[in-house]
Amino acid sequence: MSGDSKFFLVVVIAAVLAIGGFVSFSGNSNSEVRLGSIDQSTGQKFGSDGAVVKIVEFGDFQCPACQAAAAPLREAINKNSDQVQLIYRHFPLPMHQHAMISALAAEAAGAQGKFWEMYDLLFANQVNWSESDKPKEIFVSLAKQLDLDIGQFEKELSSNEAEDLINKDKDYGLKLGVDSTPTFYINNKKVTGAQKVEQWQALIDEAKKN
Amino acid sequence: MRKRFLLILIVAGLLVSAYLYLKTFDPSSVTCSIGGGCETVLSSQYAKIAGFPIAGLGVFWYLVALILVWLVYFKRIWAELPIQIWLAGGLAFSFYLLYLEKYKIGAYCTWCLVSLGLVVLIFVLVFVKKRKK
């Protein structure tokens, strides 16, 4: 075998070993961090206040991963009604140009008691408004679908108070070490990323035991 | 020396794309991270074509490039044209991915950029020598 052929072989073997090593050591890397306690009093709530399991979500309506996470989570919560409460807190990411205005749209709907209806609509229409130059117009049309008072909705959409509240949510998240969305705290256990219904069920069951 | 460099660059690209391919299937990486990042790019709708991860295409592309380098530069059985065509296609596709990251996803993935850098270097190594001839 020539020197070149040997070199070729050595490099290829090293590559195969490196990939094999990575595969065997990567395993399940879902981050789970235990913290003192998470503030569960603030935020938009879905489900019973008396629930034993409280899930705090830090989310961004323009994040595709949050959209992917939303439906399975709601399904899991509905299956465990009265036992699980979802508490949503805003975490608008800097690279999503409509993250703040979409959070404001959700809060504006929330002011009229329809936060979760708007939450669903924002995710269902994410592709449309994410790439739009005029997301506000789309949010108003969504508000119309929900029979909201449009005058009040538009006023809330540019409310400084709501923006402060959203920024406070984000500051709290940063303090906890949140650096991606969606980040969930199931009671005090941290989980990042979209989960399947079965994964949620396992997390909920585990939280019930503790 | 040139062919050894080529080989090392291609193998590095193979490792990077294999890593990205595995990351595409890591459930905890389906997130949007502060400042973008690979998680954001890999969990976007653009990370897959008809359900197949683009990183997987990267693995395939580097594997074929590896075979071509073997045949063209080590065994000297083939002429340079096939590898040149393959590289030009890879380079164009890598820039298309950069376009997606900038204008469609709004986030950059460092490892995707590393792969682009490697493709550019491989391209230069193959084409620059040809001009010297």
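No hydrogens, no waters, no symmetry mates; every other heavy atom, side chains included, goes into these values.
- Of the two parts of A:Asp179, the backbone and the side chain both hold a non-hydrogen atom closer than 4.5 Å to a non-hydrogen atom of chain B.
- Put simply, the side chain of A:Gln67 gets close to the backbone of A:Phe123: a donor and an acceptor are under 3.5 Å apart.
- Salt-bridge check for A:Lys189 with A:Glu206: passed, with a basic side-chain N closer than 4.0 Å to an acidic carboxylate O.
- If you measure heavy-atom distances from A:Glu131 to chain B, the contacts under 4.5 Å come from the side chain alone.
- Partner of A:Asp39 under the salt bridge (charged side-chain N to carboxylate O under 4.0 Å, His left out) criterion, out of A:Lys175, A:Arg89, A:Lys54: A:Arg89 alone.
- For B:Ile10, no part lies under 4.5 angstrom from a heavy atom of chain A.
- The nearest pair of heavy atoms linking A:Leu157 to A:Ala108 is N-CB, 4.2 Å.
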